[in-house]
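In what follows, a structure is listed as structure tokens, so that the remarks can point back to it.
Every value quoted in this text rests on a predicted model; they were computed, and no experiment measured them. Proteins get letters first, then strands, A, B, ... in listed order; numbering begins at 1 in each.
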Number of protein chains: 2
Amino acid sequence: MPTNKPEAQREAQPEAQPEAKRGAQPAAAPRAKPAARKKPQVTPSPERRRELLDTAAEVFAAQGYNATTVRKIADAAGMLAGSLYYHFDSKESMLDEILSAFLTELWDGYDAVLAADLGPRETIEALVTESFREIDRHRAAVAIYQKESRTLSAQPRFHYLSDSQVKFEKAWLGTLERGVAAQVFRADLDIRLTYRFVRDTVWVAASWYRPGGQHSPDEIARQYLSMVLDGIALRPT
Amino acid sequence: MPTNKPEAQREAQPEAQPEAKRGAQPAAAPRAKPAARKKPQVTPSPERRRELLDTAAEVFAAQGYNATTVRKIADAAGMLAGSLYYHFDSKESMLDEILSAFLTELWDGYDAVLAADLGPRETIEALVTESFREIDRHRAAVAIYQKESRTLSAQPRFHYLSDSQVKFEKAWLGTLERGVAAQVFRADLDIRLTYRFVRDTVWVAASWYRPGGQHSPDEIARQYLSMVLDGIALRPT
DNA sequence: CCACTTCCCTAACAAGTGTTTGGTAGGTTA
DNA sequence: TAACCTACCAAACACTTGTTAGGGAAGTGG
């Protein structure tokens, strides 16, 4: 089982990297780190953290991670920028926690589907339905993931995004291949193109989906599946 | 050590500024503008501008607009940050020029298709094919558009993005509706869902498409159309 | 009453940001 | 030769950024 969950990264960085060449880091890292991570003696309540993470996720999703300043997050939460650092130790940690919490839940659902050992078509149907349910529950996190995952996965801290993506591809592509072999899916299509097609059609929905709309996640999944499986063209009967 | 540092700027902030209320402006606009627009007497060559815009678009697409500093663009172009301002009057202008140039070309193609007055199915096919060609030629601009258009269109300067999007929706949705009326497309689907489905499947391709891959834009368009129109499920014959 | 904890604020720091100003090397024209 | 133009560099400026110290109000337990 590949790892999909970074759990918590409270271990100290082994060593300050020797600063490869160009010191141009994407963000700011002002104070010199004294090699030993600070260990705050305080214990913020997990419920408050969840609350703050939710509003942070909302702002990240709306404005983009880089365009979001900690002052904006604090504003949305009704407090001042510095106060956030009582609960989190950096802006990046917030992002990290938002994304890893989402991925953990996502894989709980996916793993259950995959363990059910359904046929190829039924597996695809279940995966798509599960995906739309996740979008319904974590739309902010999904939107952030969509926008930032490519650039983030270069950073070591967010390497679990790549891991997840690999596992993701394995599950979907494998199912599609099984379906082609079982003559359930068409064999005349480039399978990787098909994979990207299905994957993208599902997840971009997070960019326009708003919970409480006229369609439930399951209804959207049903229609999407109908389009993907049978096409939008009317067939002569 | 980074490229070139201003080294010393021992300018302590004099005093706590009046600081209206929440001075948090979205971006930087340092100098006070004296109400009269500056008119540079210089005339940079258009070819050089195009060159620089191309590299800027590449960096924007790779890192995201906000995460891209003008110093990074200058780096990629082999010059210093300030030198860019000989050719452009702001970072935002570069973005603007990149996006509007792309949209202009896109609509040249779309308008030609729409003027041809084809049937609904043929119109969709032509629009999709045209779209993949545009992705092939402007993949950086398309990627930027995908990532930033939603947030940008709030700014007055980029209002033309919204205009374009409205026109876009009108063309595609109208064609789909014509198709349903003509019994070419299925009538049992939510038409707006179908629209978003088709639109998204096409344009997200810009996030993974790389020119010079194993499939030509036309070939990708052909397979995408086959999936969208007929579905990926194998039909019993 | 005091000690302790939780949660926030005030105020700053240092690095990074987009942008401007003044200069200048090299080419072209007269 | 001088005048002129293009395209860049060097250095700074003003403001924003993530982050940190120190402090204090409110609540809880003894």
Side-chain angles (χ1 to χ4, degrees), chain A residues 19 22-34 37-49 51-52 56 63 65-75 77-95, chain B residues 1-20 22-34 37-38 40-49 51-52 56 63 65-75 77-95:
Chain A
E19 191 70 35
R22 308 203 141 263
Q25 288 304 70
R31 292 289 159 88
K33 288 211 172 159
R37 288 298 304 261
K38 61 132 186 250
K39 200 90 169 185
Q41 295 306 77
V42 295
T43 344
S45 93
E47 300 92 44
R48 186 69 176 127
R49 281 173 64 91
E51 258 180 63
L52 292 173
Q63 326 236 359
Y65 174 71
N66 285 286
T68 300
T69 72
V70 295
R71 274 164 250 262
K72 278 185 200 162
I73 301 175
D75 237 51
M79 53 198 280
L80 289 184
S83 309
L84 286 172
Y85 289 80
Y86 171 72
H87 300 276
F88 311 98
D89 50 79
S90 72
K91 180 189 174 190
E92 207 181 67
S93 305
M94 300 188 216
L95 219 209
Chain B
M1 269 298 169
T3 48
N4 43 9
K5 291 190 136 188
E7 200 54 35
Q9 59 226 62
R10 290 297 83 157
E11 183 83 40
Q13 278 158 259
E15 255 310 310
Q17 291 179 272
E19 188 72 32
R22 309 217 151 249
Q25 287 302 73
R31 294 289 161 88
K33 285 213 172 161
R37 288 297 305 265
K38 64 142 183 237
Q41 296 305 77
V42 293
T43 345
S45 93
E47 300 94 43
R48 186 69 176 127
R49 280 173 64 92
E51 258 180 62
L52 292 173
Q63 326 235 357
Y65 174 71
N66 285 285
T68 300
T69 72
V70 295
R71 275 164 250 261
K72 278 186 200 163
I73 301 175
D75 239 49
M79 53 199 277
L80 289 183
S83 309
L84 286 173
Y85 289 79
Y86 171 71
H87 300 276
F88 311 98
D89 50 79
S90 73
K91 181 190 173 189
E92 207 180 68
S93 305
M94 300 188 216
L95 219 209

For [X] and [Y], which heavy atoms make the closest approach, and how far apart are they?
{"X": "Lys91(B)", "Y": "Thr68(B)", "answer": "NZ-O, 2.8 Å"}
{"X": "Leu84(A)", "Y": "Val70(A)", "answer": "CD1-O, 3.5 Å"}
{"X": "Ala81(B)", "Y": "Arg71(B)", "answer": "CB-CG, 3.5 Å"}

Next on the checklist: Can you tell me if Tyr85(A) touches the phosphate of dT20(D), counting only side-chain N or O atoms and a distance under 4.0 Å to OP1 or OP2?
Outcome noted: no
Could you state the atom-to-atom distance from [atom1] of [X] to [atom2] of [N] in whole Å?
{"X": "Glu92(A)", "N": "dT19(D)", "atom1": "CD", "atom2": "P", "result": "8 Å"}
{"X": "Ile73(B)", "N": "dG18(C)", "atom1": "CD1", "atom2": "P", "result": "8 Å"}
{"X": "Glu51(A)", "N": "dC7(C)", "atom1": "CD", "atom2": "P", "result": "11 Å"}
{"X": "Glu47(A)", "N": "dT6(C)", "atom1": "CD", "atom2": "P", "result": "12 Å"}
{"X": "Leu84(B)", "N": "dT21(C)", "atom1": "CG", "atom2": "C1'", "result": "16 Å"}
{"X": "Asn66(B)", "N": "dT17(C)", "atom1": "CG", "atom2": "P", "result": "12 Å"}
{"X": "Met94(B)", "N": "dT19(C)", "atom1": "CE", "atom2": "P", "result": "8 Å"}

Item to check | Tyr65(B): ring-ring contact (aromatic ring centres under 6.0 Å, His included) partners, not counting sequence neighbours | outcome: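 By the ring-ring contact (aromatic ring centres under 6.0 Å, His included) rule, Tyr65(B) matches Phe60(B).
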Polar-atom pairs under 3.5 Å, protein N or O versus N or O of nucleotides 8-10 of chain C: list them with distances, or write none.
residue : atom : partner  : partner atom : Å
dC8(C)  : OP1  : Arg48(A) : NE           : 3.2
dC8(C)  : OP1  : Arg48(A) : NH2          : 3.1
dC8(C)  : OP2  : His87(A) : NE2          : 2.7
dC9(C)  : OP2  : Leu80(A) : N            : 2.7
dC9(C)  : OP2  : Ser83(A) : OG           : 2.7

Checklist entry - Is there a donor on the side chain of Arg71(B) or the base of dG16(C) sitting less than 3.5 Å from an acceptor on the other? => result no
Checklist entry - Taking only residues two or more places apart in sequence, or in another chain, which ones meet Ser93(B) in a side-chain hydrogen bond (donor to acceptor under 3.5 Å, both in side chains)? => result Asp89(B), Ser90(B), Arg157(B)
Item to check | Nearest-nucleotide pick for Ser45(B), side chain only, options being dT20(C), dA7(D), dG18(D) | outcome: dA7(D)
Checklist entry - Axis-to-axis angle across the helix from dC1(C)-dG30(D) to dA30(C)-dT1(D), five pairs an end, to 10 degrees? => result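 Rounded to the nearest 10 degrees, the bend comes out at 10°.
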Checklist entry - For Ser93(B), which contact category applies under a 4.0 Å heavy-atom criterion: base, sugar-phosphate, or nothing? => result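 Result for Ser93(B) = nothing.
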Checklist entry - Leu52(A) and side-chain contact (heavy atoms from CB on, under 4.5 Å): which partner among Met94(A), Glu47(A), Met79(A)? => result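 Single pass found, and it is Met79(A).
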Checklist entry - Among all residues two or more places apart in sequence or in another chain, which pass the side chain to side chain contact (heavy atoms under 4.5 Å, CB included) test with Arg49(A)? => result His87(A), Phe88(A), Glu97(A)
